[in-house]
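Take a look at the structure below.
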Amino acid sequence: MSSYNTYTLQNGLRIIHKPSVAQVVYCGYQIAAGTRDELPGEEGMAHFCEHMTFKGTRSRNALQIINGLEQLGGDLNAFTNKEDTTFYAAIQKEHIAKAVSLLTDIVFNSTYPQHEIDKEVEVICDEIESYNDSPAELIYDEFENMLFEGHPLGHNILGQADQLRTYTTEDALRFTKRCYRPDNAVFFIYGDVEFKKVIKLVEGAWKK
């Protein structure tokens, strides 16, 4: 049976590592912040922030984020559900330091610039329209709305287009300040990387 390595940084961030012989490393941050964590008036905010997290930090612009791992043959992506939001990367193990640095920066240092929000929100609205064209998907939302009536778990993850278009930089920062905290997150990694190196890389990314 494969064993797991775990460690908790002083800031409360938990690290979990599963060793393997794979030369491609899969790693990322899972944040305990999903649809269920949205307050009244924040419907769709968790998924909204997931999209906007790729749009700029204090030290990287959107293009630098997009190309950060792609130019090394890697992949950077994310997804949101009712319970959590996950940002992840797949990269050759020799580039793991780059992946850790980039992931830490976008998840915890994003600035959510308004000009990027104004563009990206329309991408989400297109996603909503596509989703609305799928009755087989919508029926599950209707069921959850009935099952969890009056609770955020009953909300559609994507939110409503009209409301999303009102969200601002301040709204995104308010939500992420509340939810995107190291003590509310796990850094996970699977691959052929020594655990002591993983800890050192993650600690180093937080000290930048």
Side-chain angles (χ1 to χ4, degrees), residues 2-9 11 13-34 46-81 83-113 115-117 119-121 123-124 126-127 157 172 176 179-182 184-208:
S2 298
S3 61
Y4 292 84
N5 299 307
T6 62
Y7 185 82
T8 303
L9 300 185
N11 62 10
L13 177 70
R14 291 160 290 168
I15 301 173
I16 184 167
H17 166 246
K18 184 175 183 181
S20 81
V21 296
Q23 299 303 293
V24 173
V25 175
Y26 180 78
C27 64
Y29 282 98
Q30 185 174 56
I31 313 294
H47 178 257
F48 174 85
C49 287
E50 175 224 306
H51 269 250
M52 303 308 166
T53 293
F54 293 87
K55 299 305 176 181
T57 71
R58 291 189 285 270
S59 59
R60 291 177 171 95
N61 60 35
L63 185 61
Q64 290 171 322
I65 292 170
I66 293 171
N67 292 334
L69 298 185
E70 189 174 286
Q71 63 186 357
L72 301 174
D75 180 48
L76 180 68
N77 215 326
F79 60 88
T80 303
N81 59 40
E83 302 282 351
D84 53 65
T85 303
T86 300
F87 299 87
Y88 64 91
I91 195 76
Q92 289 286 330
K93 74 173 188 178
E94 58 264 32
H95 301 304
I96 183 60
K98 178 76 171 181
V100 172
S101 175
L102 181 59
L103 283 163
T104 305
D105 193 29
I106 65 170
V107 175
F108 298 101
N109 297 317
S110 281
T111 55
Y112 309 99
H115 69 279
E116 292 288 355
I117 286 177
K119 292 185 294 184
E120 187 66 18
V121 71
V123 174
I124 303 176
D126 287 343
E127 190 177 346
I157 293 172
T176 53
C179 299
Y180 284 34
R181 310 185 318 269
N184 198 42
V186 173
F187 181 84
F188 60 87
I189 180 165
Y190 174 77
D192 184 22
V193 183
E194 184 183 10
F195 189 47
K196 288 183 179 179
K197 180 178 180 179
V198 173
I199 295 172
K200 185 176 180 180
L201 288 173
V202 177
E203 286 181 327
W206 274 93
K207 292 176 180 177
K208 288 183 178 179

| task | Might you work through the side chain to side chain contact (heavy atoms under 4.5 Å, CB included) test for Ile199 and Phe187, ending with a clear yes or no? | result | CA-CA 10 Å; Ile199 295 172; Phe187 181 84; over 6 Å; no
| Heavy atoms, side chains only, cut-off 4.5 Å: are Trp206 and Thr104 in contact? | yes
| task | Starting at CG of Asn81, measure out to OG1 of Thr86 and round the result to the nearest 0.5 Å. | result | 6.5 Å
| task | List the atom of Thr111, the atom of Thr57, and the distance in Å for their closest heavy-atom pair. | result | CG2-C, 3.8 Å
| Is a side-chain donor-acceptor pair under 3.5 Å present for Thr85 with Glu50? | no
| request: Keeping the roles fixed (side chain from His17, backbone from Val193), state whether a donor-acceptor pair exists under 3.5 Å. | output: yes
| field | Any Asn184 side-chain heavy atom under 4.5 Å of Tyr180 side chain | value | no
| request: Find the distance between CD1 (Ile106) and CZ (Phe54) and round it off to the nearest 0.5 Å. | output: 4.5 Å
| Can you find a heavy atom in the side chain of Val123 that is under 4.5 Å from one in the side chain of Glu120? | yes
| said: So if I apply the side-chain contact (heavy atoms from CB on, under 4.5 Å) rule between Val25 and each of Lys93, His95, Glu94, which one comes out positive? | reply: Lys93
| field | Spatial distance of atom CZ (Arg60) from atom OG (Ser110) [nearest 0.5 Å] | value | 10.5 Å
| remark: dist Gln30:CD -> Phe79:CZ (nearest 0.5 Å) comes out at 6.5 Å
| request: For Ala172 and Phe48, work out which heavy atoms get closest and say how close. | output: CB-CE2, 4.3 Å
| query | How far apart are the closest heavy atoms of Thr176 and Cys49, and which atoms are they? | reply | CG2-SG, 3.9 Å
| said: When you compare the side chain of Ser59 with that of Asn109, does any pair of heavy atoms fall below 4.5 Å? | reply: no
| Given side chains that start at C-beta, do those of Glu203 and Leu9 come closer than 4.5 Å, heavy atoms only? | yes
| Any Pro19 side-chain heavy atom under 4.5 Å of Phe195 side chain | no
| Carboxylate-amine/guanidinium contact Lys119 Glu116, below 4.0 Å | yes
| field | Residue pair Lys98 / Leu69, side-chain heavy-atom distance below 4.5 Å | value | yes
| task | Apply ring pair (Phe, Tyr, Trp, His ring centres under 6.0 Å) to Tyr112 and list each qualifying residue two or more places apart in sequence or on a separate chain. | result | none
| task | Using atom types as modelled and distance alone, determine if a side-chain donor or acceptor of Asp75 lies under 3.5 Å from a backbone N or O of Ala90. | result | no
| query | If you look at every heavy atom in Gly56 and Ile65, which pair is closest and at what distance? | reply | N-CD1, 3.5 Å
| query | Out of curiosity, Tyr7 OH to Arg14 CZ, how far, rounded to the nearest 0.5 Å? | reply | 15.0 Å
| Only one of Phe87, Tyr4, Tyr26, Tyr88 forms a ring-ring contact (aromatic ring centres under 6.0 Å, His included) with Phe188, so which one is it? | Tyr26
| query | Any sub-3.5 Å donor-acceptor pair from Glu70's side-chain atoms to Gly68's backbone N or O? | reply | no
| note | Note: Leu201 and Ile96 closest approach over all heavy atoms is CD1-CG2, 3.9 Å
| field | Sub-4.5 Å side-chain heavy-atom contact between Gln92 and Val24 | value | yes
| task | For residues Ile16 and Val186, report the shortest heavy-atom separation together with the two atoms involved. | result | CG2-CG1, 3.7 Å
| task | Please round to the nearest 0.5 Å and tell me the distance separating atom CG of Leu76 and atom CG of Leu103. | result | 6.0 Å
| message | Could you walk me through whether Lys55 and Ile117 satisfy the side chain to side chain contact (heavy atoms under 4.5 Å, CB included) test, starting with their C-alpha distance in whole Å, then the side-chain angles of each, then the deciding distance to 0.1 Å, before giving a yes or no? | response | CA-CA 8 Å; Lys55 299 305 176 181; Ile117 286 177; over 6 Å; no
